[in-house]
Amino acid sequence: MHPHLLLNISILCHFAGISGQYPLVQNVTVTEGGTANLTCRVEYNDNTSLQWSNPAQQTLFFGDKKALRDNRIELVRATSSELTISISDVMLSDEGMYTCSLFTMPVRTAKAYLTVLGVPEKPEIDGLTKPAMEGDHITLTCITQGSKPAADLRWFRNEKEVKGAKEVNASGKTFTVRSSLQLQVDRNDDGVAYTCRVDHVALAQAPQQATEVLEVHYAPRVEIIHSLAVPQEGQYLKLECVSKGNPSPDPVMWTKDGGELPDLDRVIVEGRELTFTSLNKTDNGTYRCEASNHLGTSSAEYVLYVYDPNALGQHGTDHALIGGVVAVVVFVTLCLIIVLGRYLARHKGKIHSGPDRAHGASEACPSCPIRICPFITLFLIFNMNT
């Protein structure tokens with residue numbers, strides 16, 4: 001082989017080896033308290049040593065030799081082409097630029113940035129007054145500390161998200177985040193759960209949250225529900241006093257016409273219910289249900305009128321009679337209109353067409369009113385009977 005060719009081949013191989021002797025690293029992100037693995041690789045190495053240094057340029061490992069006394073730092077793998085170390089129980093102070101050095105001539109380096117995520121603390125909700133009074137203005141404040149980067153706080157009213165006002169403050173390397181929610185509470189907020197949830201990259205699998213359930217006190221509201229639309233003598237009737245308030249307005253009070261209920265075996269008061277086992281006319285009157293708690297009093301009234309079943313039937317007969325009279329009047333009116341119409345038609349025919357045409361018109365339908373009226377009569381008689 002030609003001497004110059006051998007020289008060129010040796011030079012190319014030499015430069016190929018040098019070009020492959022570069023350390024390769026990757027940035028690492030770890031959660032505070034976790035473990036970070038730092039790996040440095042070389043594609044082509046002629047047994048040249050690898051070294052890891054921390055952001056303070058302190059040597060951690062030179063090959064398989066540990067250089068810094070830190071029990072959290074351990075050797076994972078050391079070969080001619082790889083140096084991997086681990087840092088356990090990572091702290092925020094461990095964050096920074098780590099350097100892998102390959103001791104060739106000249107020394108070649110690669111840098112990997114270690115990012116440490118600050119885990120936000122479990123949130124706390126302040127500002128809740130128990131119990132709150134209907135109409136009160138309250139401000140719920142949710143706070144979480146120790147997040148890096150700053151956490152996001154979200155509010156939920158039961159399952160529906162509501163918007164709060166967020167505030168972020170730096171505290172060293174971490175952040176304190178607050179979110180406020182202003183409310184004017186009413187009775188519909190009683191028993192409602194307000195949840196503050198922390199969203200953060202370090203909590204991807206298990207978001208932190210805190211929940212408070214509102215207790216709202218409010219004055220009662222009352223309504224009376226009755227079991228019969230048209231109460232009749234001898235029937236069973238139940239009146240129920242439905243009262244909603246917090247604290248619960250127990251017991252309720254029943255009165256009749258502003259006084260006490262009659263002391264009868266037929267009238268039974270049991271809890272919120274007033275029951276008439278067999279109605280009669282003496283039960284007529286205005287019944288009042290009243291409920292109270294420490295915030296106020298509410299009442300509702302029911303006017304009871306007991307109907308006579310026979311009178312209700314008579315009313316039905318009267319209505320039928322009135323309907324029959326109306327039908328007769330309609331019938332007579334229709335007949336008069338028909339007769340009058342025929343008369344005017346015949347009279348008009350005599351004026352415009354002479355005697356012959358008038359006579360022909362009368363013969364065309366000489367008894368139309370007489371033939372139509374019986375059908376109307378039958379129709380009206382049928383309606384009167386029904």
Side-chain angles (χ1 to χ4, degrees), residues 25-39 54-55 72-73 76 84-98 111-132 134-216:
V25 297
Q26 287 185 331
N27 295 332
V28 177
T29 299
V30 64
T31 300
E32 183 181 11
T35 299
N37 288 329
L38 300 175
T39 298
N54 64 15
R72 300 178 304 123
I73 304 174
V76 177
T84 299
I85 64 173
S86 69
I87 306 175
S88 60
D89 195 18
V90 173
M91 300 179 291
L92 293 175
S93 58
D94 293 324
E95 183 173 271
M97 193 73 75
Y98 287 74
K111 296 182 181 295
Y113 196 88
L114 175 61
T115 301
V116 182
L117 302 177
V119 182
E121 296 178 1
K122 183 178 176 63
E124 296 180 355
I125 297 177
D126 296 326
L128 183 64
T129 303
K130 287 190 175 182
E134 185 174 29
D136 282 356
H137 292 267
I138 64 173
T139 300
L140 301 181
T141 301
C142 179
I143 182 171
T144 181
Q145 299 177 352
S147 61
K148 178 181 170 295
D152 187 27
L153 294 179
R154 299 167 66 188
W155 284 100
F156 294 85
R157 185 184 188 274
N158 289 335
E159 301 299 324
K160 183 178 180 181
E161 186 169 359
V162 292
K163 189 172 181 61
K166 182 180 174 182
E167 177 186 345
V168 179
N169 294 303
S171 177
K173 289 188 175 183
T174 62
F175 296 88
T176 298
V177 185
R178 290 181 176 83
S179 182
S180 299
L181 191 64
Q182 294 186 348
L183 305 171
Q184 181 177 5
V185 297
D186 60 25
R187 61 188 60 215
N188 295 324
D189 287 313
D190 186 39
V192 169
Y194 281 89
T195 299
C196 174
R197 191 172 80 186
V198 181
D199 284 349
H200 192 265
V201 64
L203 301 172
Q205 302 300 324
Q208 297 270 27
Q209 63 182 39
T211 300
E212 291 287 353
V213 178
L214 264 64
E215 180 185 357
V216 182

Checking side chain to side chain contact (heavy atoms under 4.5 Å, CB included) for the pair Val177/Lys166: CA distance, chi angles, key distance, verdict?
CA-CA 7 Å; Val177 185; Lys166 182 180 174 182; 3.8 Å; yes
Do side-chain atoms of Asp136 reach the backbone of Ile138 as a donor and acceptor pair under 3.5 angstrom?
no
Atom pair OG1/CG of Thr35 and Asp89 - distance to nearest 0.5 Å:
8.0 Å
For Ser147 and Pro120, which heavy atoms make the closest approach, and how far apart are they?
CB-CB, 3.7 Å
Full working for side chain to side chain contact (heavy atoms under 4.5 Å, CB included) between Val28 and Gln26
CA-CA 6 Å; Val28 177; Gln26 287 185 331; 5.6 Å; no
Rounded distance [0.5 Å steps], OG1 in Thr141 versus CZ in Arg178
8.5 Å
Any donor-acceptor pair under 3.5 Å linking the side chain of Asp189 with the backbone of Asp186?
yes
Got a donor-acceptor contact below 3.5 angstrom from the Lys130 side chain to the Leu214 backbone?
no
Val25 to Lys111 - nearest heavy-atom pair and separation
CG2-O, 3.5 Å
Could you check if a side-chain atom of Val192 sits within less than 4.5 angstrom of a side-chain atom of Val213, using non-hydrogen atoms only?
no
Distance-minimising heavy-atom pair for Val201 and Pro149:
CG1-CD, 4.4 Å
Apply side chain to side chain contact (heavy atoms under 4.5 Å, CB included) to residues Tyr98 and Asn54 and explain how you reach the verdict.
CA-CA 5 Å; Tyr98 287 74; Asn54 64 15; 3.7 Å; yes
Supply the atom-to-atom distance Arg154 CZ to Asp152 CG, rounded to the nearest 0.5 angstrom.
7.0 Å
So for atom CD, which belongs to Glu161, do other residues, nucleotides or ligands contribute more than 12 heavy atoms lying within a distance under 6.0 Å?
yes
Could you report the tightest heavy-atom contact between Trp155 and Ser179, atom names first, then the distance?
NE1-OG, 3.0 Å
Using a cut-off of 6.0 Å, state whether more than 12 heavy atoms not belonging to Lys163 lie near its atom NZ.
no
Between NE2 of His200 and NZ of Lys148, what distance do you get to the nearest 0.5 Å?
8.5 Å
Just grab all the disulfide (SG to SG under 2.5 Å) pairs involving residues 181-216, residues at least two apart or on different chains.
Cys142-Cys196
Are any of the side-chain heavy atoms of Leu92 and Glu32 separated by less than 4.5 Å?
yes
Under 3.5 Å: donor-acceptor pair, side chain of Thr144, backbone of Glu121
yes
About how many Å separate CG of Leu181 and CZ of Arg157, when rounded to the nearest 0.5 Å?
10.0 Å
How long is the gap from OG on Ser86 to CG on Leu38, to the nearest 0.5 Å?
8.5 Å
Please check: side-chain N/O of Thr31 versus main-chain N/O of Leu117, any donor-acceptor pairing under 3.5 Å?
no
Pair Ile125-Tyr194, side chain to side chain contact (heavy atoms under 4.5 Å, CB included): steps then yes or no
CA-CA 9 Å; Ile125 297 177; Tyr194 281 89; 5.6 Å; no
Please confirm whether the backbone N or O of Ala193 pairs with a side-chain atom of Asn158, one donor and one acceptor, at under 3.5 Å?
yes
For a 4.5 angstrom cut-off between non-hydrogen side-chain atoms, does Asn27 reach Thr115?
no
Verify, without hydrogens or angle tests, whether Glu95 (side chain) and Val116 (backbone) share a donor-acceptor contact under 3.5 angstrom.
yes
Does Asn169 reach the main-chain N or O of Thr176 with its side chain, forming a donor-acceptor pair under 3.5 Å?
no
